[in-house]
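Taking it in order: structure first as structure tokens, then the write-up.
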Amino acid sequence: MSKSVSLEFHGAAGSVSGSCFELRSADRCVIIDCGLFEGTRTLEALNRGSFGFDPASVNAVILTHARLDHSGRLPLLARHGLCAPLWCSQPTADMLAPLLRGNAEILKADATRRNARDDRLDRPPFVPLYTEEDVGACLAAIVVAPLCEWIDLGAGWGFRLWNSLHITGSTSVELMIDDLRILFSGNVGEGSAVLCAGAELGGFDHVICETTFGDSVREPILLSDRREQLARHVETTLRDGGNLVIPSEALEQTQAVLEDLADLIDSGRIPILPILVDQPYSAEMAAAILLHRDPALNLLLRPNVQFDCAAAGSAAQSDVYGAIILAASRNCQTGPIRRHLIQNLPRPQSRILFVNNQVAGSLGERLLSRPEEVRISGHDVRVVADIVTLDAYETHADRAALLQWICTRAPVSGSIFLVHGDKAALATLALDITHHPDLCQPIVPALGDIWQLGAAKPATRLHTA
């Protein structure tokens, strides 16, 4: 007989970011992910609010992958009393250190910049969300969980990690609580599941699935075609004498773009030109990812690629032309990218190339609508530069692939929860599931909802936010 287990949604419920889910019984509390809220200032304010649980009461944290919308609040857990192990895959553990340290540096720089603005002179000082010391305490809690290996959490609780095919080290989390079988998708990539030996792919009581691209259909693109599209953007920008500015995800997406640029240069398709990577700890991040992604490709030895954040930043303040600039963050809400946008948006020769989806309400989303002017860090900035997209670097499953992912995990005898998506994505995938004869009715939870989970029966709502 299974325990009474509750599932509470502390993030990614009705929004794309802030993933954080709490499973609790009378004798155990397990947290799946603890990511940053991204998008509007209202959403970002949730990062400074209550977790909704006491970190000191947590018995284990399980991280699906290292991207900040899943991992970015982990140092806050350490600051507020977490003393439990933080479980993740080996690649995720390797990448988490430079990612979180780099984000702490960005948070500190943003606080300094905000406090220096004239319109904040009479206000209380802005304090960074967390510090390098908090990151250190978080990293000290990491315990590596090998893929497909059952980890005993005590009191009838156990879990194992499945490869989710999203980015390097990304996983889904399968939990067994007595006879209750639960699956958290993490972020799902495209491709066939990598089976764990002797494991049953379907037959869960409850499945919690992301829906980031639940309303989108993307055509597959060959690597050669992706590189050719990137080469054309480089050619056009160089011909005009401007900079190609790419707001990019610090984790893996930046490295994928760099790999493509290296291939284009080596093949003679584009000339050797300066590439500035303006992301804190970018060299350490590249080394950590390439260790698992492509150990033979050493981007750090290329003299035209500048990983030094300070050097890249200072160079950006001068009249740099004819360069490729990859800068954090992807949604343009924070980080070095804002400085580069201030420099390059007023230049008709420059081009801003978005290589990922932009969270609703973010500066990146506003730029995609091509306004005449935007406000960045207290500056009114004219938008004259060309603004284009290249979505071939997305690693999320689209609408059809997400539905297929859920179907291959059938039968689901309890409930299917849809999370980590905007309103349109959630509604579209929910409708697809409703029309599928072999799937149970989906649940789209709200932030703060609490549901009771039982074996082989639908979840029941205990609390409405």
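Residue indices begin at 1 and follow the sequence shown.
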>> Test: ring-ring contact (aromatic ring centres under 6.0 Å, His included). Region: residues 90-123. Which pairs qualify, not counting sequence neighbours?
In response: none

>> Salt bridge check, Glu252 against Arg293: does any charged N sit closer than 4.0 Å to a carboxylate O?
In response: yes

> Is the Lys NZ or Arg CZ of Arg409 less than 6.0 Å from the centre of Phe204's six-membered ring, within 45° of the axis?
Replying inline: no

>> When you compare the side chains of Ser164 and Ser170, does any donor N or O come within less than 3.5 Å of an acceptor on the partner?
In response: yes

> Does Asp260 have any side-chain contact (heavy atoms from CB on, under 4.5 Å) partners at least two apart in sequence or in another chain, and if so, which?
Replying inline: Leu223, Arg226, Arg227, Leu230, Tyr393

>> Within the structure provided, determine whether Trp87 and Leu63 are in side-chain contact (heavy-atom separation under 4.5 Å).
In response: no

>> Taking the cut-offs as 6.0 angstrom to the six-membered ring centre and 45 degrees off its axis, would you call Arg399 and Phe213 a cation-pi pair?
In response: no

> Side-chain contact, heavy-atom cut-off 4.5 Å: Phe21 with Glu8?
Replying inline: no

> Sequence neighbours excluded, which residues qualify as ring-ring contact (aromatic ring centres under 6.0 Å, His included) partners of Phe417?
Replying inline: Phe9, Trp451

>> Quick check: do Val305 and Leu299 have side-chain heavy atoms less than 4.5 Å from each other?
In response: no

> Under 4.0 Å between a Lys/Arg side-chain N and an Asp/Glu carboxylate O for Arg269 and Asp263?
Replying inline: no

> What pairs of residues pass the side-chain hydrogen bond (donor to acceptor under 3.5 Å, both in side chains) test when at least one of them lies in residues 237-247, not counting sequence neighbours?
Replying inline: Asn243-Asn344

>> According to salt bridge (charged side-chain N to carboxylate O under 4.0 Å, His left out), does anything in residues 65-90 pair up with another residue at least two apart or in another chain? List the pairs.
In response: Arg67-Glu249, Asp69-Arg330, Arg79-Asp134

> Under a 4.0 Å N-O cut-off, is there an ion pair linking Arg160 with Glu149?
Replying inline: no

>> For Cys29, give me all partners under disulfide (SG to SG under 2.5 Å), at least two apart in sequence or on another chain.
In response: none

>> With no hydrogens and no angle check, just 3.5 Å: does a side-chain donor-acceptor pair link Glu105 and Asn103?
In response: no

